[in-house]
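Down below is the structure, laid out as structure tokens.
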Amino acid sequence: MYGCSRVVALLWVVTITQQCRLSIVNDRTNLRLKVDLGDVEIFNLSRRNHNNNRTSRSRGRSRRKLDPEVTMNASQLITSKGIACERHQVTTRDGYVLGMQRLPHHNSTHRYPVLIIHGLLSSSDAFLLNLRNESLAYILYDRGFDVWLGNVRGNKYSRRHTSLDPDQRDFWQWNFDQIGQYDLPAMIGHVLRVTGRSKLNYIGYSQGTVVLMSSVMQNGAAVGDQIANFFALAPAAYVPNMKSPLRHLLSVSDLIQRYNEFFNHDEFLRASVTVSTWMGKFCSSHPKWCEMSLFWLVGRSRRGNLNRTRLPVLLSHDPSGTSNQNMLHWAQMLMRRSVGMTYYDYGSFWMNFYRYGRFTPPEYDFSQFRVATYMFCGRSDTLVTLGDCRKLSRIVPNLRAVVTVKGYSHADFIFASNGMKNVYGQIIRHMTSRP
């Protein structure tokens, strides 16, 4: 999931710069700062009201304690629920060391283990942040599944390499093509070796769906034959009609890259304990503001989907970092008009020719993606719109079902307290009914 703290701040700057009207009105007794986005007033601060309420708000904040789960890592979140946690490290063929967590059922009666992969700027934390009877990883574990959580290169659990340092620019020269080419085969292979099984069930969320598609289409049967079922939550392989303000961030990602190149920095939104703690405190004191920010980014959830008391925890664990190049690849995806995915464009005919043997990046061949696929689309999702999700489903050869979830935004697939009723229960039924 996209991190709401620094992402929201950055988006405010970009959005205001591009299309907002800012006005300051001073009528002697009342100073007002007003920001208009189009015809919608987003922000209207009054100095008088602010001063009158400052004392009462600060007193309320001082009485609130920070939820300890705000600063817990994945292993701590798991063990805090009374569940054993195994930590695994996997090294890819190109040298990246990836962190994984396992909720072990060594003698599971289910035929296949489950591997769950997170979205852009996120980590395995995303599946552990709700209550035990509401979070995907816990729900699967409590129903007897051997659950594995993966982390792709560059996030807070996967910032190691056999020869490179994260402070070196070469560490960050990758995008989701390389995640599919190297990270997924390494994690899938590790799970199967440890468990002794021939296949696994794969659940991907947002970018987590894209990297499996990329992996199978790049590696062929070597990866595809190891996947029993693929459950795609908010699949983001086709996003030209994105309505979220995140489109503004992607549209200026080239400018962000140039800025970071000037300062010799290629990491994008690194995880920060300081920011996480601040976000937890802010959302404890201002849950409505945090909820509105989340809706602004990913779409408005139906009333009752989110447990507002969990917002300090839900929104404090991201962003977890990625590379600038990966963000540029997503910007290129946003510009794509035809349904499907294209490899990363290096911006130079000669660099593309060196990489691909042609002057323009090739398209992914979806006819090669033959994994049994179940897609879940949110009707209120503004990142992966319902129309884009349905168009993508039409080019997936072995599609078993497309499920449209009413009232679900992009975040609800991992954050909604009613996920078992609307999504996870169906996944469990498919995993237990198919061989």
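Heads up: numbering here begins at 1 and tracks the sequence.
Remark: the backbone N or O of Ser409 is paired with a side-chain donor or acceptor of Asp412 at under 3.5 angstrom. Judged purely by atom type and a 3.5 angstrom limit, Asn219 uses its side chain to pair as donor or acceptor with the backbone of Ser215. Side chain of Ser433 to backbone of Arg429: a donor-acceptor contact under 3.5 angstrom is found. Here the side chain of Ser135 pairs no donor or acceptor atom with the backbone of Ala137 at under 3.5 angstrom. Under the 3.5 Å distance criterion, the side-chain polar atoms of Asn241 are left unmatched by any main-chain donor or acceptor of Asp388. Checking side-chain atoms of Asn155 against main-chain N and O of Ser122 turns up a donor-acceptor pair under 3.5 Å.
In the model, Arg336 has a side-chain atom that pairs as donor or acceptor with a side-chain atom of Ser338 under 3.5 Å. Defined by atom type and a distance below 3.5 Å, a donor-acceptor pair is missing between the side-chain atoms of Tyr138 and Asn130. Side-chain contact of Asn151 with Ser158: a donor-acceptor pair under 3.5 Å is absent, judged by distance alone. Side-chain atoms of Asp266 and Ser323 form no donor-acceptor pair, as typed in the model, at a separation below 3.5 Å. With 3.5 Å as the limit, one finds a donor-acceptor pair spanning the side chains of Asn418 and Asn305.
Residues in residues 387-408 take part in these ring-ring contact (aromatic ring centres under 6.0 Å, His included) pairs, two or more places apart or across chains: Tyr408-Phe413.
Residues passing the side-chain contact (heavy atoms from CB on, under 4.5 Å) test with Arg358 are Tyr356, Thr360, Pro362, sequence neighbours excluded. Shown here are the side-chain contact (heavy atoms from CB on, under 4.5 Å) partners of Glu86, two or more places apart in sequence or in another chain: His88, Arg102, Pro104, His106. Not counting sequence neighbours, Trp172 has no partner by the ring-ring contact (aromatic ring centres under 6.0 Å, His included) test. Remark: His317 engages no residue in a ring-ring contact (aromatic ring centres under 6.0 Å, His included) (not counting sequence neighbours). The side chain to side chain donor-acceptor pair (under 3.5 Å) check on Asp225 picks up nothing, with sequence neighbours excluded. Considering only residues two or more places apart in sequence or on other chains, Arg379 meets the side-chain contact (heavy atoms from CB on, under 4.5 Å) condition with Leu386, Arg390, Thr404, Lys406. Ser417 meets the side chain to side chain donor-acceptor pair (under 3.5 Å) test with no other residue; sequence neighbours excluded. By the ring-ring contact (aromatic ring centres under 6.0 Å, His included) test, Phe282 pairs with Trp278, His286, sequence neighbours left out. Here Thr322 pairs with Asn326 under the side chain to side chain donor-acceptor pair (under 3.5 Å) rule; sequence neighbours left out. Applying the ring-ring contact (aromatic ring centres under 6.0 Å, His included) criterion to Tyr424, with sequence neighbours excluded, gives no partner residue. Legend: residues meeting side-chain contact (heavy atoms from CB on, under 4.5 Å) with Thr91, ordered by chain and number and at least two apart, are Val97, Thr162.
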List the steps, then state whether ring-ring contact (aromatic ring centres under 6.0 Å, His included) holds for His410 with Tyr205. CA-CA 9 Å; His410 199 73; Tyr205 167 68; 5.2 Å; yes
Give the C-alpha distance, both sets of side-chain angles, the deciding distance and a yes or no for side-chain contact (heavy atoms from CB on, under 4.5 Å) between Ile117 and Met187. CA-CA 10 Å; Ile117 300 294; Met187 288 189 281; 3.9 Å; yes
Could you walk me through whether Met431 and Arg143 pass side-chain contact (heavy atoms from CB on, under 4.5 Å), step by step? CA-CA 11 Å; Met431 288 196 296; Arg143 281 154 182 79; over 6 Å; no
Going through the checks in order, is the ring-ring contact (aromatic ring centres under 6.0 Å, His included) test met by Phe366 and Tyr364? CA-CA 6 Å; Phe366 270 81; Tyr364 279 93; 7.4 Å; no
Walk me through it: do Leu334 and Met242 pass the test side-chain contact (heavy atoms from CB on, under 4.5 Å)? CA-CA 8 Å; Leu334 186 63; Met242 180 187 295; 3.8 Å; yes
Do Tyr157 and Gln101 pass the side-chain contact (heavy atoms from CB on, under 4.5 Å) test, and can you show the C-alpha distance, the side-chain angles, and the key distance before you say yes or no? CA-CA 10 Å; Tyr157 298 117; Gln101 295 87 29; 4.0 Å; yes
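In this structure, the side chains of Val152 and His118 come closer than 4.5 Å at one or more pairs of heavy atoms. Under the 4.5 Å side-chain criterion, counting only non-hydrogen atoms from C-beta, Phe127 is in contact with Ile414. Side chains of Met100 and Val191 form a contact here, defined as non-hydrogen atoms less than 4.5 Å apart. With contacts defined as side-chain heavy-atom distances shorter than 4.5 Å, the pair Ser214/Ile179 does not qualify. Counting heavy atoms from C-beta on, the side chains of Arg400 and His430 never come closer than 4.5 Å.
Between Tyr374 and Phe376, a ring centre-to-centre spacing not shorter than 6.0 Å is recorded. Tyr112 has its ring centre no less than 6.0 Å from the ring centre of Phe145.
Using a cut-off of 4.0 Å between Lys/Arg side-chain N and Asp/Glu carboxylate O, Glu134 and Arg310 are scored as not salt-bridged. Salt bridge annotation for Asp94-Arg153: present, with a cationic side-chain nitrogen under 4.0 angstrom from a carboxylate oxygen. One finds no salt bridge joining Asp146 and Arg197 here, because no Lys/Arg side-chain nitrogen approaches an Asp/Glu carboxylate oxygen to under 4.0 Å.
Ring pair Phe176/His329 is parallel by interplanar angle, where below 30° counts as parallel and above 60° as perpendicular. Taking the six-membered ring for Trp and thresholds of 30 and 60 degrees, Tyr141 and His105 have nearly parallel ring planes, at less than 30 degrees apart.
Surrounding CZ of Arg87 are at most 12 heavy atoms belonging to other residues, nucleotides or ligands under 6.0 Å away. Counting heavy atoms of neighbouring residues, nucleotides and ligands inside a 6.0 Å radius, atom CG of Asn107 does not exceed 12 of them. Remark: Phe353 CZ is loosely packed, at most 12 non-hydrogen atoms of other residues, nucleotides or ligands lying under 6.0 Å away. No more than 12 heavy-atom neighbours from other residues, nucleotides or ligands sit within 6.0 angstrom of CZ on Arg300.
Residue Ser301 comes nearest to Leu306 through the heavy atom pair OG-CD1, 4.1 Å, listed as atom of the first residue, atom of the second, then distance. A pairwise comparison of heavy atoms in Ile188 and Ile227 identifies CD1-CD1, 3.7 Å as the closest pair. Between Cys85 and Ser75 the shortest heavy-atom distance is SG-OG, 3.6 Å. Scanning all heavy atoms of the two residues, the minimum distance from Val405 to Asn422 falls at CG1-CB, 4.0 Å. Summarising the geometry of Met213 relative to Ala237, their closest heavy-atom pair is SD-CB, 3.8 Å, with the distance given to 0.1 Å. Contact detail for Gln368 and Val216: the closest heavy-atom pair is O-CG1, 4.0 Å.
Atom CG in Leu184 sits 11.5 Å away from atom OG1 in Thr92 (nearest 0.5 Å). To the nearest 0.5 angstrom, Leu311 atom CG is 11.5 Å from Leu129 atom CG.
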